[in-house]
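Have a look at the structure below, then the notes.
Note that this is a predicted model, so its numbers are computed, not measured.
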Amino acid sequence: DQTIEFDVVNGIREGDFIVYYPDKNIQIIGKLANNKNIGEWKYFNPNGSLQTIGKFLDDLPSGIWTWYYPNGKLAEQGNFVKGKRDGEWKTYDSLGNANFVLKYKMDSVLDSIQVKK
């Protein structure tokens, strides 16, 4: 069973938000304000390694988000603007080598380039 912790103040979710795996390791940790996700959020693999890190602004992904493989190597990184992929995004193989660069404009792919190895 998963355990979820958060505070409710005057009927509004506020403060720390934490989801635990059944073994009590943290799965997700972030902050809430006025029932919305805000600030930095971290998502973890069952083995405890960092899976994803990014920030929310007014309940939408914002700024640079980064995903990792369970081995800790970089998997993907890119920028969100108002919850949409925007700008340059890079994907990596499981060894951490860049393999694609994608250019987005408000969630639409404008260009995709395979990185030469």
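When side chains are defined from C-beta on, Pro61 counts as touching Phe56, because their heavy atoms get closer than 4.5 Å. Using a 4.5 Å heavy-atom cutoff, the side chains of Ile53 and Tyr68 are in contact. Counting only heavy atoms from C-beta outward, the side chains of Val19 and Thr3 never approach each other to under 4.5 Å. The side-chain heavy atoms of Pro46 and Asn25, taken from C-beta on, include no pair separated by under 4.5 Å. Under the 4.5 Å side-chain criterion, counting only non-hydrogen atoms from C-beta, Glu40 is not in contact with Lys31. Inter-residue side-chain proximity for Leu50 and Phe44 is flagged as met; some heavy-atom pair is nearer than 4.5 Å. Residues Thr52 and Thr66 have side chains not in contact (no heavy-atom distance under 4.5 Å, counting atoms from C-beta outward). Residues Val8 and Glu14 are not in side-chain contact: their nearest non-hydrogen atoms beyond the backbone lie 4.5 Å or more apart.
Of all heavy-atom pairs between Leu57 and Ser62, the closest is CB-CB, 3.7 Å. Of all non-hydrogen atoms in Pro70 and Asn45, the two that sit nearest each other are CA-ND2, 3.7 Å. The shortest non-hydrogen separation linking Asn37 to Leu32 is OD1-CD2, 3.3 Å. Taking all atoms of both residues into account, the shortest heavy-atom contact from Arg13 to Asn35 is N-OD1, 2.7 Å.
Taking the six-membered ring where the residue is Trp, Trp65 and Phe80 present perpendicular rings, their angle passing 60° and hence far from 30°. Below 30°, between 30° and 60°, or above 60°: for Phe17 and Trp41 the angle between ring planes is between 30° and 60°, a tilted geometry. Ring orientation note: the planes of Trp67 and Trp89 are tilted relative to one another, at an angle of 30° to 60°.
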Between Lys36 and Asp58, does a salt bridge (Lys or Arg N to Asp or Glu O under 4.0 Å) hold up when you go through it step by step? CA-CA 6 Å; Lys36 295 180 180 180; Asp58 199 27; 2.8 Å; yes
Test side chain to side chain contact (heavy atoms under 4.5 Å, CB included) applied to Asp7 and Asp16, step by step: CA-CA 7 Å; Asp7 294 323; Asp16 292 336; 5.7 Å; no
Could you go through the side chain to side chain contact (heavy atoms under 4.5 Å, CB included) check for Tyr104 and Lys84 one step at a time? CA-CA 9 Å; Tyr104 284 88; Lys84 302 202 183 281; over 6 Å; no
For side chain to side chain contact (heavy atoms under 4.5 Å, CB included), just list the numbers for Ile18 and Ile26, CA-CA rounded to whole Å, side-chain angles, deciding distance to a tenth of an Å, and then say yes or no. CA-CA 7 Å; Ile18 306 171; Ile26 293 175; 4.1 Å; yes
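Here the straight-line distance linking atom CG of Asn79 with atom CD1 of Ile64 works out to 4.5 Å at 0.5 Å rounding. Here the NZ-CG distance, from Lys90 to Asn99, works out to 11.5 Å after rounding to the nearest 0.5 Å. One finds the CD atom of Gln51 at 9.5 Å from the OH atom of Tyr43 (value rounded to the nearest 0.5 Å). Ile38 contributes atom CD1, which lies 11.5 Å from atom NZ of Lys55 (distance to the nearest 0.5 angstrom). From Ser108, atom OG reaches atom CG of Asp86 across 10.0 Å, with rounding to the nearest 0.5 Å. For the atom pair OH of Tyr21 and CD of Gln27, the computed distance is 4.0 Å after rounding to the nearest 0.5 Å.
At least one donor-acceptor pair under 3.5 Å links the side chain of Tyr69 to the backbone N or O of Tyr92. A donor-acceptor pair under 3.5 Å is formed between the side chain of Asp93 and the backbone N or O of Gly96.
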